[in-house]
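One structure below.
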Amino acid sequence: MLIRPALLSALLLPGAALAGGNAPPTGTPWTPPPLSAPVREVAVAAAPDGTVFLAALSDSGQFSSGRGTFTARTLRAWKAAPGHPWTPLPRQDGGQQGGPGSLNDRHPRPAANLNLSADRHGSAVLAWNENYGDNDIVHLRALRPGGWTDWPERYLGDDLPYAARTRAVAAWKGEAVLAWGEFLRSPDGSQLTVRRWNDAARSWVRGPVFNDRRAYSRAPALTLTRAGQPVVAWLQGDVTSSRVLAARWDGQAWQPIGGPLNRYQPGYVASPASCWTGRTSPPPRGLKTTAARTPCTLPAGTDTAGNRWAARSVPPSPRPTP
């Protein structure tokens with residue numbers, strides 16, 4: 001999708017960014033950073049102190065791979081406080097593959113599927129895909145003092161492009177926490193796990209599976225509590241008969257958060273999202289919806305009819321008139 005400067009300004013309303021997109025926009029939009037090339041993807045994340053992080057993938061020329069022509073994309077990132085200009089965020093190693101401020105691991109390459117997350121400690125994490133041959137390679141960087149880390153050894157790849165996009169990313173004290181999906185071939189199925197980087201082993205370590213491995217599970221959403229414990233939501237079931245499920249890690253095992261959350265189930269649903277208000281445990285009523293104009297504390301989203309997902313203890317909104 002092509003994002004033009006006027007639309008980018010509208011996306012950067014302070015009220016919308018700081019509320020996670022769940023409150024009516026307020027205030028004057030930030031002036032977007034200078035981007036002369038077409039912007040294809042934008043990600044925004046806000047820290048508790050009001051600092052807002054912005055990342056963008058923009059076109060950076062046509063190239064040939066030997067198999068055909070492709071459009072390369074350049075990744076850049078900035079931060080700003082309300083009322084202050086955007087400040088570019090460089091790499092710690094000073095690398096600029098793709099031009100000034102570029103955060104790409106390699107260039108030229110196609111790039112897509114941008115994730116950006118900020119934490120309460122002032123750090124942020126980026127994840128994105130760079131296509132290499134038949135593989136979608138997922139690269140990550142964390143914002144630390146001095147700039148973005150250089151983590152070439154932490155890349156993740158899969159020869160099934162969709163599997164490499166079945167992820168969610170959260171930031172925790174300068175580290176990335178992943179909710180990662182994998183397709184299983186023998187027996188058929190899928191598994192969703194939370195992964196953390198282990199410096200001693202120099203690898204990503206999987207936690208226990210939080211979905212039903214026999215079912216088709218995808219589109220994980222991830223947030224962290226104040227103690228850094230993960231809370232997840234995901235879609236489970238065939239595409240036309242899926243359920244929205246949620247669980248939290250109690251330090252020993254995954255604990256389901258109620259039953260299926262979609263209003264009409266099973267059904268065709270997509271794109272769960274989650275955020276956390278800062279409580280150390282889930283509130284008794286579970287999900288709060290944006291239809292009630294309250295920030296979500298557990299998974300929220302919409303189905304194709306425009307209905308908001310709500311826990312059973314929350315009165316559902318009326319079905320929209322066709």
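Reckoned from all heavy atoms, side chains included, excluding hydrogens, waters and symmetry mates. One-based numbering along the sequence shown.
- Side chain of W204 to backbone of R154: a donor-acceptor contact under 3.5 angstrom is found.
- Put simply, the side chain of R167 never gets that close to the backbone of A219: no donor and acceptor are under 3.5 Å apart.
- Looking only at distances, no side-chain donor or acceptor of Q255 sits under 3.5 Å from a matching main-chain atom of D250.
- Between L245 and N211, every side-chain heavy-atom pair lies at or beyond the 4.5 Å cut-off.
- One finds the CG atom of L156 at 5.5 Å from the CZ atom of R195 (value rounded to the nearest 0.5 Å).
- Look at D188 and R185 and you find no salt bridge, because none of the NZ, NE, NH1 or NH2 atoms lies under 4.0 Å from a carboxylate O.
- Ring geometry for F183 versus Y216: interplanar angle of 30 to 60°, hence tilted.
- Distance CD/Q92 to CG/L143: 8.5 Å, rounded to 0.5 Å.
- The pair R73-E41 does not count as a salt bridge, with every side-chain nitrogen at least 4.0 angstrom from each carboxylate oxygen.
- Considering CZ of R76 and OG of S58, their distance stands at 5.0 Å, rounded to 0.5 Å.
- Relative ring orientation between Y155 and H139 is described as tilted, the plane-to-plane angle lying within the 30° to 60° band.
- A distance of 9.0 Å separates CG of L89 from CH2 of W78, quoted to the nearest 0.5 Å.
- One hydrophobic cluster, built from ILVMFWY side chains closer than 4.5 Å, holds both W180 and V125.
- Within the structure, the salt bridge (Lys or Arg N to Asp or Glu O under 4.0 Å) test picks out the following pairs touching residues 137-149 (sequence neighbours left out): R141-D150, R144-E175.
- Q236 and W234 form a side-chain donor-acceptor contact under 3.5 Å, judged by distance and modelled atom types alone.
- Atom CZ of R40 sits about 14.5 Å away from atom CG of L114, to the nearest 0.5 Å.
- The hydrophobic cluster containing F70 does not contain L57, counting ILVMFWY residues as joined when their side-chain heavy atoms lie under 4.5 angstrom apart, directly or transitively.
- Panel note: side chain S190, backbone S217; a donor-acceptor pair is recorded below 3.5 Å.
- The existence of a salt bridge linking K173 and D119 is excluded, since no basic side-chain nitrogen approaches an acidic carboxylate oxygen closer than 4.0 Å.
- For the side chain to side chain donor-acceptor pair (under 3.5 Å) with S60, the qualifying choice from N104, T74, T71 is T74, the only one to do so.
- The CH2 atom of W128 sits 7.0 Å away from the CG atom of L140 when rounded to the nearest 0.5 Å.
- A salt bridge is absent between R106 and E130; no separation between the charged side-chain nitrogens and carboxylate oxygens falls under 4.0 Å.
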